[in-house]
Amino acid sequence: MTALGFLYPGRSGEDDYPRIEQLLGSNIRVDLVHTDIGEDAHRVDALREMGSAERLAAGVEELRRTGAETVVWACTSGSFVHGWEGARDQVRSLAQVAGMPASSTSFAFVHAAQEIGVRRVAVGATYPQDVAALFGQFLQAGGLTVTGVRPSGIVTAAEVGTWGEAEVLALARAADAAEAEAVLLPDTALHTAAYLPLLEKELGKPVLTANQVTVWEGLRLADRRVNAPSLGILFTREPIVQV
């Protein structure tokens with residue numbers, strides 16, 4: 001049994017995680033601990049506070065009791081708002097406190113794009129324009145070329161969590177560009193696990209979403225690869241652990 005640990009802010013799209021655990025169809029356990037979200041606002045100052053070392057450390061002890069082997073800060077905006085170096089410091093601090101390999105959703109997007117061999121990406125963000133732009137800058141710092149960033153102007157994770165298939169598909173279509181090799185949908189408040197095959201079929205290219213890449217990052221830290229095509233192209237890459 002491989003136990004993956006995730007620190008998830010508040011409660012919005014967290015039911016993607018048991019769904020993904022089921023779709024992995026192997027001896028993978030997904031352990032989720034909810035951290036204090038503070039103010040639910042897609043605003044830079046609020047997001048920096050949400051991802052503070054103190055808030056993350058508060059959830060680590062509970063996660064450690066689950067037997068988790070790795071930990072991922074399951075929040076995109078709460079990591080990339082610190083910039084590349086700040087997000088790296090955030091992960092280093094988390095690893096030291098947790099005593100296990102650590103990462104965050106923002107780095108998961110960069111690593112996932114590298115895994116599937118894409119460099120040019122389009123972004124469909126739920127965030128306001130200023131926050132969405134910071135994600136584009138983070139991806140560029142990670143060596144990706146961002147063909148465009150489509151913001152949605154949503155201020156709270158609670159509202160994002162109400163979106164269903166139609167809204168997610170519309171966001172992906174609006175963000176897509178002919179020159180983009182993949183479309184990225186950040187925000188772990190956004191439910192996407194059930195829609196990945198449809199998204200990739202409709203766009204005809206890989207689609208990377210926040211909760212999807214977050215779980216994949218946990219597997220990467222644990223040196224596991226699982227063949228689960230229902231979770232998108234990202235989960236069909238070699239090396240594969242057959243189950």
Side-chain angles (χ1 to χ4, degrees), residues 3-18 20 29-111 125-128 130-132 134-135 137-138 141-142 154-161 186-191 209-218 220-222:
L4 309 177
F6 302 94
L7 297 177
Y8 186 94
R11 297 178 183 273
S12 296
E14 72 275 10
D15 43 336
D16 261 4
Y17 289 82
I20 292 173
R29 194 178 78 232
V30 172
D31 295 320
L32 200 72
V33 169
H34 297 272
T35 63
D36 180 14
I37 196 172
E39 182 182 0
D40 183 10
H42 287 152
R43 201 178 63 243
V44 172
D45 63 327
L47 293 168
R48 285 178 176 164
E49 173 58 28
M50 183 172 64
S52 68
E54 294 76 17
R55 288 184 187 274
L56 297 187
V60 165
E61 185 57 36
E62 182 180 351
L63 191 62
R64 199 159 28 212
R65 289 197 296 268
T66 69
E69 302 166 38
T70 65
V71 56
V72 182
W73 168 223
C75 184
T76 325
S77 55
S79 46
F80 70 70
V81 292
H82 296 277
W84 185 269
E85 291 302 325
R88 180 177 288 172
D89 290 342
Q90 182 187 59
V91 165
R92 285 174 177 160
S93 174
L94 180 58
Q96 289 173 351
V97 171
M100 64 184 79
S103 189
S104 68
T105 304
S106 292
F107 287 115
F109 272 108
V110 174
H111 297 154
T126 55
Y127 318 124
D130 62 331
V131 175
L134 291 177
F135 183 55
Q137 293 170 19
F138 184 91
I154 298 181
V155 177
T156 68
E159 182 178 351
V160 174
D187 201 341
T188 56
L190 189 66
H191 294 92
T209 71
N211 293 324
Q212 170 211 35
V213 302
T214 298
V215 175
W216 177 86
E217 183 77 343
R220 187 189 69 81
L221 291 176

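These numbers come from the heavy atoms of this one structure, side chains and all, not from hydrogens, waters or symmetry mates.
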Could you list the donor-acceptor pairs under 3.5 angstrom formed by side chains in residues 85-109, with sequence neighbours left out?
{"residue": "Q90", "atom": "NE2", "partner": "G51", "partner atom": "O", "Å": "2.8"}
{"residue": "Q90", "atom": "NE2", "partner": "G78", "partner atom": "O", "Å": "3.0"}
{"residue": "S103", "atom": "OG", "partner": "E217", "partner atom": "OE2", "Å": "2.6"}
{"residue": "T105", "atom": "OG1", "partner": "W73", "partner atom": "O", "Å": "3.3"}
{"residue": "T105", "atom": "OG1", "partner": "C75", "partner atom": "N", "Å": "3.1"}
{"residue": "T105", "atom": "OG1", "partner": "T214", "partner atom": "OG1", "Å": "2.7"}
{"residue": "S106", "atom": "OG", "partner": "T76", "partner atom": "O", "Å": "2.9"}
{"residue": "S106", "atom": "OG", "partner": "S79", "partner atom": "OG", "Å": "2.6"}
{"residue": "S106", "atom": "OG", "partner": "F80", "partner atom": "N", "Å": "3.3"}

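- Note that the CG atom of L63 and the CG atom of L56 stand 11.0 Å from one another [nearest 0.5 Å].
- Residues meeting the salt bridge (Lys or Arg N to Asp or Glu O under 4.0 Å) test with R11, sequence neighbours left out: none.
- At distances below 3.5 Å, at least one donor-acceptor pair connects side-chain atoms of Y8 with backbone N or O atoms of G13.
- Classification of the F138-W84 ring pair by plane angle, with boundaries at 30° and 60°, yields tilted.
- The main-chain N or O of G161 is found under 3.5 Å from a side-chain atom of H191 such that the two form a donor-acceptor pair.
- Looking at residues two or more places apart in sequence or on another chain, you find no salt bridge (Lys or Arg N to Asp or Glu O under 4.0 Å) involving E69.
- Among residues at least two apart or in separate chains, ring-ring contact (aromatic ring centres under 6.0 Å, His included) pairs with a member in residues 37-63 are H42-Y127.
- A46 pairs by the side-chain contact (heavy atoms from CB on, under 4.5 Å) definition with E39, A41, R43, not counting sequence neighbours.
- Partners of D187 according to the side-chain hydrogen bond (donor to acceptor under 3.5 Å, both in side chains) rule, which considers only residues two or more places apart in sequence or in another chain, are T126.
- For the atom pair T35 OG1 and F6 CZ, the distance stands at 14.0 Å (nearest 0.5 Å).
- Remark: R64 pairs with E61 by the salt bridge (Lys or Arg N to Asp or Glu O under 4.0 Å) rule, at least two apart or across chains.
- Checked by atom type and distance alone, the side chain of Q212 pairs as donor or acceptor with a backbone atom of T209 at under 3.5 Å.
- With hydrogens and angles ignored, the 3.5 Å screen pairs a side-chain donor or acceptor of H34 with a backbone N or O of G10.
- Between the side chain of E14 and the backbone N or O of S12 there is at least one donor-acceptor pair closer than 3.5 Å.
- The salt bridge (Lys or Arg N to Asp or Glu O under 4.0 Å) check on R29 picks up D31, with sequence neighbours excluded.
- With sequence neighbours excluded, no residue forms a side-chain hydrogen bond (donor to acceptor under 3.5 Å, both in side chains) with T188.
- A search for side-chain contact (heavy atoms from CB on, under 4.5 Å) contacts involving V44 returns R48, D130, V131, L134, not counting sequence neighbours.
- Not a single side-chain hydrogen bond (donor to acceptor under 3.5 Å, both in side chains) links S77 to another residue, sequence neighbours left out.
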